[in-house]
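Working notes, structure below.
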Amino acid sequence: MSVVIRLARAGTKKRPVYHVVVADSRFPRDGRFIERLGYFNPLLPKDNETRLKLDMDKVKAWLAKGAQPSDRVSRFLDAAGVKKREARNNPEKAVPRKERKAQAEAAAKA
């Protein structure tokens, strides 16, 4: 059983609030979970201290048990200094699309 720390959506339509939960990776995003670790409200300003609330003791305990954080949760943990996030490398992102490449060549000729 692989356990993940991820976000589960709550709130109303167009007013999302996310619960940070520990869940089995096979369960749906908003489905059954093992434990709730905190919440995240993306509608609040970034400097507001109530935008993200995590119980760091529980997070550290689950990481020690082998739980894998999702991409977004790993960003939160990196900002909090709990777990270092490695830099991602996508070399395909730097390759321009055919249309942009053709436009760039046309602009270079003119």
Q. Would you say Arg32 has more than 12 foreign heavy atoms packed within less than 6.0 Å of its CZ?
A.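 Incorrect, the count does not exceed 12.
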Would Val73 end up clustered with Val3 when hydrophobic side chains under 4.5 Å apart are linked, directly or stepwise?
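Yes, it is one cluster - the side chains of Val73 and Val3 are joined through contacts under 4.5 Å.
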Report yes or no: do Ile5 and Leu52 belong to one cluster of Ile/Leu/Val/Met/Phe/Trp/Tyr joined by side chain heavy-atom distances under 4.5 Å?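 Looking at the clustering, Leu52 is in the same group as Ile5.
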With sequence neighbours left out, what residues match Asp57 under side chain to side chain donor-acceptor pair (under 3.5 Å)?
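With neighbours one apart ignored, the set is empty.
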Point to revise | Pairs flagged by ring pair (Phe, Tyr, Trp, His ring centres under 6.0 Å) wherever residues 41-89 is involved - sequence neighbours left out | key: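 Sorted result for residues 41-89: Phe40-Phe76.
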Would you mind listing every salt bridge (charged side-chain N to carboxylate O under 4.0 Å, His left out) that reaches into residues 45-54, with sequence neighbours excluded?
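For residues 45-54, and leaving out neighbouring residues, there are no salt bridge (charged side-chain N to carboxylate O under 4.0 Å, His left out) pairs at all.
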Residues pairing under salt bridge (charged side-chain N to carboxylate O under 4.0 Å, His left out) where one sits in residues 60-74, two or more places apart or in two chains, turn out to be Asp71-Arg88
Mind checking whether [X] and [Y] have side chains closer than 4.5 Å, heavy atoms only?
X     : Y     : answer
Pro69 : Val4  : no
Val20 : Asp55 : no
Met56 : Val82 : yes
Leu37 : Val22 : yes
Leu54 : Leu77 : yes

How long is the straight-line distance from [atom2] of [Y] back to [atom1] of [X], given to the nearest 0.5 Å?
X     : Y     : atom1 : atom2 : value
Asn41 : Thr50 : CG    : OG1   : 7.0 Å
Lys84 : Ser74 : NZ    : OG    : 11.0 Å
Arg26 : Ser2  : CZ    : OG    : 7.0 Å

Nearest heavy-atom approach of Lys58 to Arg36 is NZ-O, 4.3 Å
Cluster membership besides Phe33, Ile/Leu/Val/Met/Phe/Trp/Tyr side chains within less than 4.5 angstrom, sorted by chain and number, is Val21
With a 3.5 Å cut-off and sequence neighbours excluded, list the donor-acceptor pairs that the side chains of residues 6-15 form with protein atoms.
{"residue": "Arg6", "atom": "NH2", "partner": "Phe27", "partner atom": "O", "Å": "2.8"}
{"residue": "Arg6", "atom": "NH2", "partner": "Pro28", "partner atom": "O", "Å": "3.1"}

| request: With sequence neighbours excluded, tell me which residues meet side-chain contact (heavy atoms from CB on, under 4.5 Å) with Ala102. | output: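 side-chain contact (heavy atoms from CB on, under 4.5 Å) check on Ala102 returns nothing, list empty.
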